[in-house]
Amino acid sequence: MKVEELPPLPRSFYERPTTLVARELLGKVLVRRFEQVELRARIVEVEAYLGERDQASHARRGPTPRAAIMFGPPGRLYVYLIYGMHHCMNFVCETDGVAGAVLIRAAAALDDETHPRALSGPGKLCAHLAIALAHKGLDLTARESELVVVDDGTRPRIAASRRVGVEYAGAWARRRLRFYVPGHPSVSR
DNA sequence: TTATCGATGGTA
DNA sequence: ACCATCGATAAA
């Protein structure tokens, strides 16, 4: 079955513990649909943000206007602007009412198989896929969505480390909630 | 190779 | 005032 015919991952995929979803997202393929063309990229690096108790998570202050979507139903897109110039995309996890999201940090563009392009870092990834604040709330599980995720059967190895850029989060900064495909050239840092 | 810095704006 | 960043530049 060709990638473009694969169905989007269902709501049930996202409606599980955030850390498990994060690990299983490695190797999955982002499909970004425009009017005429579509872009595909394989996820190689993610971070889990666990909700209100996680002092590195935007959900740590409760359901503020920005972070409320993290408390809502799973399978939706959470986009925020960082440092005034870069967008970051996250997939909402856990059941409705419980906060949790996975930050997509890096992917490998599949549009030119012979010259795979590294999309290393959440800002670069969003720029390449043209994802911005307007896409916040998008349903990742609907067939017609501008962005969906599909499973083509790839099962990469998984390595874990501390999350990037969350030194302020005390003990939570030390948790190994960043997951990546070891040795993959598109992984950041 | 590592270190530092400026750009730029939403968020609380 | 503080960032879930990036690219350029400088130091070594």
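A search for side-chain hydrogen bond (donor to acceptor under 3.5 Å, both in side chains) contacts involving Arg178(A) returns Glu45(A), Ser161(A), not counting sequence neighbours.
Taking both residues in full, the closest heavy atoms of Val46(A) and Val102(A) are given as CB-CG1, 3.7 Å, listed atom of the first, atom of the second, then distance. Contact record, Ser57(A) with Gly51(A): CB-O, 3.6 Å, taken as the closest heavy-atom pair.
Sorted by residue number, the list of members of residues 178-189 of chain A with any non-hydrogen atom under 4.0 Å from DNA chain B is empty.
Grouping the Ile, Leu, Val, Met, Phe, Trp and Tyr side chains by contacts below 4.5 angstrom, directly or via other members, places Leu110(A) apart from Val149(A). When hydrophobic clusters are built by joining Ile, Leu, Val, Met, Phe, Trp and Tyr residues whose side-chain heavy atoms come closer than 4.5 Å, directly or via intermediates, Val166(A) is not grouped with Trp172(A).
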>> What does the 5'-to-3' dot-bracket notation of DNA chain B look like when only Watson-Crick and G-U wobble pairs under 3.5 Å count, and pairs to other strands show as |?
In response: |||||||.|||.

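Taking 4.5 Å as the limit, some side-chain heavy atom of Ile131(A) sits within range of a side-chain heavy atom of Leu77(A). Residues Leu50(A) and Arg175(A) meet the side-chain proximity criterion, which asks for heavy atoms closer than 4.5 Å. Side-chain contact between Pro8(A) and Arg143(A) is present, with heavy atoms from C-beta onward closer than 4.5 Å. Counting heavy atoms from C-beta on, the side chains of Val21(A) and Phe13(A) come closer than 4.5 Å.
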>> Between Glu38(A) and Arg32(A), is the salt bridge (Lys or Arg N to Asp or Glu O under 4.0 Å) condition met? List the steps.
In response: CA-CA 5 Å; Glu38(A) 78 177 26; Arg32(A) 173 72 165 103; over 6 Å; no

>> Using salt bridge (Lys or Arg N to Asp or Glu O under 4.0 Å), reason through Arg42(A) and Asp152(A) one step at a time and then give a plain yes or no.
In response: CA-CA 10 Å; Arg42(A) 191 179 308 281; Asp152(A) 70 352; 3.0 Å; yes

Below 3.5 Å between N/O atoms, which protein atoms pair up with nucleotides 1-4 of chain C? Just atom names and distances, please.
{"residue": "dA4(C)", "atom": "OP1", "partner": "His58(A)", "partner atom": "NE2", "Å": "3.3"}
{"residue": "dA4(C)", "atom": "OP2", "partner": "Tyr168(A)", "partner atom": "OH", "Å": "2.5"}
{"residue": "dA4(C)", "atom": "N9", "partner": "Tyr80(A)", "partner atom": "OH", "Å": "3.2"}
{"residue": "dA4(C)", "atom": "N7", "partner": "Ala56(A)", "partner atom": "O", "Å": "3.3"}
{"residue": "dA4(C)", "atom": "N7", "partner": "His58(A)", "partner atom": "NE2", "Å": "3.1"}
{"residue": "dA4(C)", "atom": "N6", "partner": "His58(A)", "partner atom": "N", "Å": "3.4"}
{"residue": "dA4(C)", "atom": "N1", "partner": "Asn90(A)", "partner atom": "OD1", "Å": "2.5"}
{"residue": "dA4(C)", "atom": "N3", "partner": "Tyr80(A)", "partner atom": "OH", "Å": "2.6"}

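Here ring-ring contact (aromatic ring centres under 6.0 Å, His included) pairs that include residues 79-101 of chain A, with residues two or more places apart or in two chains, are His58(A)-Tyr80(A), Tyr78(A)-Tyr80(A).
In this structure, the CG atom of Leu125(A) is 14 Å from the C1' atom of dC6(C), given to the nearest Å.
Where His86(A) and Leu133(A) each meet DNA chain B at their nearest nucleotide, the meeting point lying more 5' is that of His86(A).
In this structure a side-chain-to-backbone donor-acceptor pair under 3.5 Å is present from Arg33(A) to Ser145(A).
Reading DNA chain B from its 5' end, the first and the last nucleotide to sit under 4.0 Å from a heavy atom of chain A are dA7(B) to dA12(B).
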